[in-house]
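Data first, discussion second: the structure below is written as structure tokens.
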Amino acid sequence: MPSSQAKRRQGPGRPLTPLITREIAVRTSIELLDRKGLDALSVQAVARELNVQAPSLYYHFKNRDELLHMIAKTLLVEVGRGEKPGSSWEERVVDLAVATRRVMLCHAHAGPLMLRFFPRELMLGAYERGLSDCPYAPEHHLAILEALEKLTYGKALFDAAAKAHHHAAMPAVDEARYPRLAEALSKSPVSDEALFVETLDILLDGFRFRYGKKDRTQ
């Protein structure tokens with residue numbers, strides 16, 4: 001059988017050699033996601049952006065779900081690039097949380113991916129480093145990780161969803177119906193990020209009060 005005929009009979013499977021790299025495909029996918037949203041993101045759409053046929057992408061990703069999972073992993077790696085050496089445990093906690101929120105706001109349409117494909121296996125090293133100099137006893141570590149993670153990702157995903165759908169994180173408040181809430185908003189003229197840092201500081205104060213005090217009295 002002629003080689004040209006054999007190639008024609010291979011069908012739409014993976015090509016023998018890659019026409020593009022996985023990294024380029026993932027980065028192009030993120031750019032497409034940022035511009036057009038999750039519904040527009042497909043293997044075929046990414047292939048068109050790269051000016052290749054869809055089978056070229058199947059060399060790297062067996063299906064759309066694998067591509068989406070790689071996007072989530074790439075964004076999580078992007079968060080970790082802002083880590084500052086030599087900072088204290090509490091400073092690292094705040095810096096990492098703020099970096100997470102910034103990345104999620106930069107890629108607002110990626111929120112559903114982080115919920116569905118959260119690459120927890122990539123977090124294990126970060127968890128280990130975070131606990132290496134945690135000032136509290138090991139029996140408290142899991143609760144501390146849970147609290148920090150849920151506050152950080154809950155806030156980041158909530159704000160990203162609002163941005164993706166062009167909604168204000170806090171809607172306009174009728175002062176006559178909600179006077180206390182209106183007063184709270186009027187007397188908190190800080191930025192959304194500064195307010196987020198304040199909530200993190202409250203949580204860290206709670207750790208010191210609950211776990212630091214107990215450990216000192218034991």
Side-chain angles (χ1 to χ4, degrees), residues 26-41 64-85 87-131 134 141-173 181 184-185 188-207:
V26 171
R27 183 51 56 187
T28 300
S29 300
I30 293 173
E31 292 171 357
L32 181 61
L33 175 67
D34 290 342
R35 291 200 322 269
K36 297 188 177 181
L38 184 57
D39 291 342
L41 184 62
R64 182 174 184 263
D65 276 3
E66 186 174 350
L67 173 61
L68 297 180
H69 188 229
M70 282 302 303
I71 291 173
K73 291 178 70 173
T74 300
L75 295 182
L76 192 58
V77 170
E78 190 174 319
V79 169
R81 289 183 183 139
E83 189 171 335
K84 300 175 184 176
S87 54
S88 69
W89 179 78
E90 288 194 356
E91 288 170 337
R92 289 202 315 275
V93 163
V94 173
D95 287 345
L96 183 59
V98 169
T100 300
R101 181 178 178 274
R102 287 177 178 174
V103 168
M104 292 307 302
L105 286 177
C106 185
H107 306 287
H109 293 288
L113 298 186
M114 299 305 290
L115 285 175
R116 181 179 174 190
F117 296 101
F118 187 77
R120 191 173 291 277
E121 69 276 8
L122 287 186
M123 294 295 295
L124 300 181
Y127 293 153
E128 185 69 18
R129 289 192 301 276
L131 294 176
C134 179
H141 286 179
L142 194 57
I144 289 169
L145 287 176
E146 280 286 307
L148 288 170
E149 185 179 80
K150 297 307 180 288
L151 174 59
T152 298
Y153 282 94
K155 176 62 173 172
L157 292 171
F158 187 96
D159 289 350
K163 181 179 178 181
H165 294 89
H166 308 290
H167 295 156
M170 176 64 75
V173 173
L181 182 56
L185 289 169
S188 180
V190 298
S191 68
D192 288 342
E193 183 171 294
L195 186 59
F196 176 48
V197 172
E198 175 70 11
T199 65
L200 290 165
D201 287 341
I202 292 170
L203 184 62
L204 294 172
D205 285 345
F207 292 159

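Heavy atoms only, all atoms of each residue included: R129 and R92 are closest at O-NH2, 3.7 Å. When all heavy atoms of W89 and G130 are compared, the closest pair comes out as NE1-O, 2.8 Å. A99 and V79 make their closest contact through CB-O, 3.9 Å (heavy atoms, listed as atom of the first residue, atom of the second, distance). Looking at every heavy atom in both residues, L41 comes nearest to S29 through CD1-O, 3.7 Å. In terms of heavy-atom proximity, M104 sits nearest to A156 at CG-CB, 3.9 Å. The minimum heavy-atom distance between L131 and L145, with the atom names listed, is CD1-CD1, 3.9 Å.
The CZ atom of R27 sits 9.5 Å away from the CD1 atom of I71 when rounded to the nearest 0.5 Å. Rounding to the nearest 0.5 angstrom, the gap separating the CZ atom in F118 from the NE2 atom in H69 is 10.0 Å. The CG atom of L75 sits 12.5 Å away from the NZ atom of K73 when rounded to the nearest 0.5 Å. Atoms CG and CD, from L200 and E90 in turn, are 10.5 Å apart once rounded to the nearest 0.5 Å. S188 OG to L195 CG: the interatomic distance, rounded to the nearest 0.5 Å, is 5.0 Å.
Put simply, the residue from V190, D192, I202, V98 that forms a side chain to side chain contact (heavy atoms under 4.5 Å, CB included) with V197 is V98.
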Begin with the C-alpha distance, continue with both residues' side-chain angles, and end with the deciding distance and a verdict on side-chain contact (heavy atoms from CB on, under 4.5 Å) for L203 and V93.
CA-CA 11 Å; L203 184 62; V93 163; over 6 Å; no

Evaluate side-chain contact (heavy atoms from CB on, under 4.5 Å) for L76 paired with F117, printing each intermediate quantity in order.
CA-CA 11 Å; L76 192 58; F117 296 101; over 6 Å; no

If you apply the rule side-chain contact (heavy atoms from CB on, under 4.5 Å), what do you find for L185 with M170, and how did you get there?
CA-CA 9 Å; L185 289 169; M170 176 64 75; 4.1 Å; yes

Output, in order, the C-alpha distance, side-chain angles, deciding distance and verdict of side-chain contact (heavy atoms from CB on, under 4.5 Å) for L32 and T28.
CA-CA 6 Å; L32 181 61; T28 300; 5.6 Å; no

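Put simply, the side chain of T100 does not reach to within 4.5 Å of the side chain of K155, judged on heavy atoms. Residues L113 and L33 have side chains in contact (heavy-atom distance under 4.5 Å, counting atoms from C-beta outward). I30 has its side chain within reach of H107: a pair of non-hydrogen atoms, C-beta onward, lies under 4.5 Å apart.
Residues D159 and K163 are not paired through a salt bridge, judged by the lack of any N-O separation under 4.0 Å between the basic side chain and the carboxylate.
In this structure, the side chain of T152 does not engage the main chain of E149 through any donor-acceptor pair within 3.5 Å.
Annotation: Y127, atom OH; neighbour count of heavy atoms from other residues, nucleotides and ligands within 6.0 Å is above 12. Taking a 6.0 Å sphere around CD of E121, one finds it holds more than 12 heavy atoms contributed by other residues, nucleotides or ligands.
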